[in-house]
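First up is the structure itself, then whatever we jot down about it.
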Amino acid sequence: MSKADLPVKDPDLGQPVPNPGLEEHIERWTDANQAAGNRTYAAVVGMLAAVPILAISFVVIYFAVPKELIIDFGLLKASAQNVGFGLTGGLAAMLIGLAAIQWSRALMGDVESVEYRHRAASSEADRAAVAQQFREGVEQSAVGRRKLLLGAMGGAVGISLVPAVVLLADMGPWPTKRMREETIEKTIWAEGVAILNDETWRKIKPSDLEIGQLVNAEPETLRKLHGADYQREKAKAALILVRMDPASIKIPESRKDWQVGGILAYSKICTHVGCPISLWERQTHHLLCPCHQSTFDLADSGVVVFGPAGRSLPQLPIKVNQEGYLVAQGDFTVPVGPSYFERDSSKDFRKGDQ
Amino acid sequence: MKYLSKRHRAVARPLLLLLALVAIGLGYSMVVPQYSSAESEKSQQVEEGRALYTVTCASCHGLNAEGTSQAPSLIGVGAASVDFQMGTGRMPAARPEAQIPARPVIYTQTQIEAVAAYVASLGSGVAIPAPAQYSTEGLSAEQIAAGGAKFRANCSACHGIIGGGGALPNGKYAPSLYKTSDVHVWEAMRTGPQQMPVFSKEVLNDQDAREIIGFLNQAHQQANYGGLGIGMAGPVSEGFWAFIIGIGGLALIATWIAKKGARAR
């Protein structure tokens, strides 16, 4: 860009704006008045001298004040130790900061200086010298004459990454179709598996549920698992049972045998990103996910009525066994939980399906 | 009566008569059906409840509690439901809104129990629990911990991990349980007020309810070591304070320091 294009310029120097020069120097109080300077000096040293006292008090409070001691301020209660730490540690940090500011503003050298700007690039001579050095290095390494050296080295380093890639790729199961069918597309719900109330681990009879009741449930077979297997299967099999008035809800023809007298079972795992959901409103029959506000209508086969979820909540077909307890008819008919690229979503329930 | 003197005989006849009268009276009282004083008190309570119902509840719930377009029927909701709704000040409602909030209670417990008795007389429902059903007395530390697990499995989705409450769609919310009394927690579980689902005694029995209430009381008694809770709403309110009060305050102090000149004029 040429300087002639700039709107403002100093005709004398050919610069875009006139040189403003240096501001008039005004002395500071601390320089003009010896006593004021000494006072500031004493204040800075005094602030810094208080810091060791506070630091030692901090350590003393750490050991001397019992952890259980609570100070009651009326509106709020606080641990006596925490209050002590805050007062001593916080005050120490603040005094260091104030001392540093006061030191730099009132006591450090007070001389204006001019720093000229230069081009950032090195001089032509320096750049030529570096280029010459590089050329000599290439010449010395013999790759100019024996050209295969460079290719062989590159190939060797490149191929040595293959073991690392294979190790990384083998950190988990390879997600083939069969592997998906065995893992994420399957839960431990099966024909006849009893539905247990979560945490009390008691079986449930249809008569136990009133209209408007919600039960958080797990499969009975989960009780046999331990460790990682337990967590993995619990995360997929978690269930919510709700009882609604069968006359006030929509039960499609294809799902009329999936429920027991208005008791319906749904996966507890949100189809958006897999949060557990049991925020159920008994009057609207809506189930809300607390993570991103996806809302499912449990009175209409779990279709999405609001939020980012793309698919209906999977429903589990249930029945009553010979002893009168609620059991599953089988596994979910679609994979539970969030989507993935290879997921076959053609079997998911869509609003209006029969 | 030969062994009695003539004078004695004269006294014995009226005595015998008196004895016979007492025996007949006692026998009659045993045969005739009894109206105990407890029962007449009960029916008197229902009458009082009906009178209160007519002036405070009937305009929305209907003259015979059959329900209207404004409010549900109360037939079969039970005494526990009335005790919860009136005992927490939710009923009588001030106005129709997304969710009827808890308000100061304006009725005495006797009046509330009278209305509850009247509503209970309309159809069977959950009764007001006896203290043994919700009392947390005698719970061991293990039982309170188990109550915590049950609370997290069943209640925390809406009410938060220790019952601080939470938001629901369209202006509704799960209220904080910090100030809810033990009996009201029990009644809410059993009756499912407003949008809350029911947790029946068959699925979560009274022992489970006692453990859950015990956990809530334990959690709410713990001192807040962190000082000011800022609504306990987590990173949103904490971030708000850090940015507005904390960084804003630092900016003001920096401006003040820079303005307070060090120059001699």
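In what follows, chains carry the letters A, B, and so on, assigned in the order in which the sequence lines appear, proteins first and then strands, with residues in each chain numbered from 1.
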Heavy-atom contact with chain A under 4.5 Å, split by part of B:Asp208: side chain

Proximity breakdown for B:Ala167 and chain A, heavy-atom pairs closer than 4.5 Å: backbone

Can you measure from [atom1] ([X]) to [atom2] ([Y]) and round to the nearest 0.5 angstrom?
{"X": "B:Asn170", "Y": "A:Thr284", "atom1": "CG", "atom2": "OG1", "result": "8.5 Å"}
{"X": "A:Leu209", "Y": "B:Glu202", "atom1": "CG", "atom2": "CD", "result": "9.0 Å"}
{"X": "B:Ser200", "Y": "A:Glu210", "atom1": "OG", "atom2": "CD", "result": "5.5 Å"}
{"X": "A:Asn197", "Y": "B:Lys150", "atom1": "CG", "atom2": "NZ", "result": "9.0 Å"}
{"X": "A:Trp280", "Y": "B:Leu168", "atom1": "CH2", "atom2": "CG", "result": "13.0 Å"}

What part of [X] is in contact with chain B, defined as an atom under 4.5 angstrom from a non-hydrogen atom: side chain, backbone, both or neither?
{"X": "A:Asp72", "answer": "neither"}
{"X": "A:Ile211", "answer": "backbone"}
{"X": "A:Asn216", "answer": "both"}

Heavy-atom pair of closest approach, residues [X] and [Y]:
{"X": "B:Pro197", "Y": "A:Gln213", "result": "CB-C, 4.4 Å"}
{"X": "A:Ser278", "Y": "B:Cys158", "result": "O-SG, 4.5 Å"}
{"X": "A:Arg282", "Y": "B:Met196", "result": "CD-O, 2.8 Å"}

Top contributor to chain A contacts, counting heavy-atom pairs under 4.5 Å, from B:Ala174, B:Ala153, B:Ser156: B:Ala153

Student check: side-chain heavy atoms of B:Val198 and A:Arg243 closer than 4.5 Å: no

Heavy-atom check, side chain of B:Asn205 versus side chain of A:Arg202, under 4.5 Å: yes

Salt bridge B:Arg152-A:Asp198, side-chain N to carboxylate O under 4.0 Å: no

Salt-bridge criterion met for B:Lys172 and A:Glu281 (N-O under 4.0 Å): yes

B:Gln195 (side chain) donor-acceptor with A:Gln283 (main chain) under 3.5 angstrom: yes

